[in-house]
Amino acid sequence: MASSRLSFVVVAAALVVSAGLMPQSAVAELKTDYYASTCPNLEVIVRSSVKQSMAQSPISAPAALRLFFHDCAVRGCDASIMIVNSNGDDEWRNSDNQSLKPEGFQTILNAKAAVDSDPQCRYKVSCADIMALAARESVYQSGGPYYEVELGRYDGRVSTRDGVVLPHANFNLDQLNAFFSGLGFTQPEMVALSGAHTIGAADCPFFQYRIGNDATMDPGFASQLNGTCSSDSNAFAFLDPSPVGFDNAFYQNLQVGKGLLGSDQVLYSDMRSRSTVDYYTSNQGAFFDDFVAAMTKLGRIGVKTPATGGEIRQDCQFPN
């Protein structure tokens, strides 16, 4: 994996004053069987495609999962993160999005191509819905919970570089809560979403500042990370001991001072959120349930409809 690192800087993406919470009318249009008549094999197709992507690269799953967070939290779940503008003014070229990995984008493009290869489905399924399904498959096929995905999103037509604001890896609990409350999430829901960091890794620049300077980091762990990062400027470290397995090891790591990112370790070092970490450490089923609920809530943010300028993109990278 040394040639293809994944930086899981934060579980969600950008501040969305413009997107806000999804109107109730739009929520009502989402349903799990949205494509039952137009593309009945949709979930089977996406599942198979994601499985192939994961077989080609272990980074595909965490990269696709992270991409979904980054998309929904910027302009809502409208696949705007996928858009490539000829003038370079698009979300993925924002400096705070440069840690997104090509494997995530490719996983979505592969799934879109697979869906459109079915004549019954061709150009009938939004990239936004494919991203939501790919995120679920990334979790499920990594050993995490299976959950029904609400569908019926349309793709947005706008992606701007300056519209992206990301929380940083050194955020404290107040900063994290402020960011996530802007998306409509409570502190416990934020802690549950942070569990996405149970798969993937982070590049040294995102945590190296903590080594020897952060008392909440286990000394032995700090020494290990120092050896990793000092030997190679392009080095990385896994976010938990089972980086390709979706489980509650992320929270167990926090209890012993082995959270990689400062914004993760603070979930345990700050007494206001510690009890939630302890709860998920002792009860993986509860974590899975709460993660699913939070993911479903995330997937409802800023959903587009034809009435609000949404469309079904023929190519996920370009508006029609």
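Bear in mind the structure is a predicted one, so any value in this text is a computation, not a measurement.
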K.L.:
More than 12 heavy atoms of other residues, nucleotides or ligands under 6.0 Å from CZ of Phe221: yes or no?
P.N.:
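Yes, enclosed.
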K.L.:
If the threshold is 4.0 Å, N to carboxylate O, is there a salt bridge linking Asp116 and Lys112?
P.N.:
yes
K.L.:
Checking Asp214 against Thr216: is there a side-chain donor and acceptor pair closer than 3.5 Å?
P.N.:
yes
K.L.:
Does a donor on one side chain and an acceptor on the other come within less than 3.5 Å for Thr308 and Thr305?
P.N.:
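Note: Thr308 and Thr305 side chains meet the donor-acceptor criterion.
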K.L.:
Looking only at side chains, do Thr228 and Asn226 share a donor and an acceptor under 3.5 Å apart?
P.N.:
no
K.L.:
Lys304 and Glu311: salt bridge (charged side-chain N to carboxylate O under 4.0 Å, His left out), yes or no, with the steps?
P.N.:
CA-CA 8 Å; Lys304 305 295 186 296; Glu311 65 180 13; over 6 Å; no
K.L.:
Classify the angle between the aromatic ring planes of Phe236 and Phe238 as parallel (below 30°), tilted (30 to 60°) or perpendicular (above 60°).
P.N.:
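Rings of Phe236 and Phe238: perpendicular, as their planes differ by over 60°.
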K.L.:
Just by distance, with hydrogens left out, do Ser99 and Arg66 show a side-chain donor and acceptor under 3.5 Å apart?
P.N.:
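Judged by distance alone, the side chains do pair up.
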K.L.:
If only side-chain N and O atoms count, and only distance matters, is there a donor-acceptor pair under 3.5 Å linking Ser49 with Asn110?
P.N.:
no
K.L.:
Does the pair Asp90/Arg161 count as a salt bridge with the N-to-O cut at 4.0 Å?
P.N.:
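Looking at Arg161 together with Asp90, the answer is no, because their closest N to O distance does not fall below 4.0 Å.
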K.L.:
Checking side chain to side chain contact (heavy atoms under 4.5 Å, CB included) for the pair Ile301/Phe185: CA distance, chi angles, key distance, verdict?
P.N.:
CA-CA 11 Å; Ile301 295 176; Phe185 288 99; 4.1 Å; yes
K.L.:
Show your reasoning for whether salt bridge (charged side-chain N to carboxylate O under 4.0 Å, His left out) applies to Arg153 and Asp129.
P.N.:
CA-CA 6 Å; Arg153 303 165 187 80; Asp129 279 344; 2.8 Å; yes
K.L.:
Under 3.5 Å, is there a donor on one side chain and an acceptor on the other for Asp278 and Gln255?
P.N.:
yes
K.L.:
Do we see a donor-acceptor contact under 3.5 Å between the side chains of Ser80 and Glu91?
P.N.:
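Per modelled atom types, Ser80 and Glu91 side chains form a pair under 3.5 Å.
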K.L.:
Within the structure provided, determine whether Met131 and Val46 are in side-chain contact (heavy-atom separation under 4.5 Å).
P.N.:
no
K.L.:
Whether the Thr160 and Asp89 side chains hold a donor-acceptor pair (N or O, under 3.5 Å, no angle test) is what I'd like checked.
P.N.:
no
K.L.:
Would Lys31 and Glu150 satisfy salt bridge (charged side-chain N to carboxylate O under 4.0 Å, His left out), going step by step from the backbone distance to the final call?
P.N.:
CA-CA 5 Å; Lys31 52 186 181 180; Glu150 295 177 338; over 6 Å; no
K.L.:
Apply salt bridge (charged side-chain N to carboxylate O under 4.0 Å, His left out) to residues Asp174 and Arg272 and explain how you reach the verdict.
P.N.:
CA-CA 10 Å; Asp174 288 329; Arg272 292 173 294 171; 2.9 Å; yes
K.L.:
If you round to the nearest 0.5 Å, how far is CG of Leu42 from NZ of Lys124?
P.N.:
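These two atoms lie 12.0 Å from each other.
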K.L.:
Met82 vs Arg313, test: side chain to side chain contact (heavy atoms under 4.5 Å, CB included). Steps then yes/no.
P.N.:
CA-CA 11 Å; Met82 299 292 295; Arg313 266 183 243 148; 4.1 Å; yes
K.L.:
How many angstroms lie between OG in Ser263 and CD in Gln175, if you round to the nearest 0.5 Å?
P.N.:
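Separation between the atoms: 10.0 Å.
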K.L.:
So among Phe291, Phe250, Tyr251, Phe288, which one has a ring-ring contact (aromatic ring centres under 6.0 Å, His included) with Tyr280?
P.N.:
Tyr251
K.L.:
The criterion is side-chain hydrogen bond (donor to acceptor under 3.5 Å, both in side chains); which residues satisfy it with Gln141, sequence neighbours excluded?
P.N.:
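side-chain hydrogen bond (donor to acceptor under 3.5 Å, both in side chains) check on Gln141 returns Glu137.
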K.L.:
For the pair Ser181 (side chain) and Asn177 (backbone), establish whether a donor and an acceptor sit closer than 3.5 Å, ignoring hydrogens and angles.
P.N.:
yes
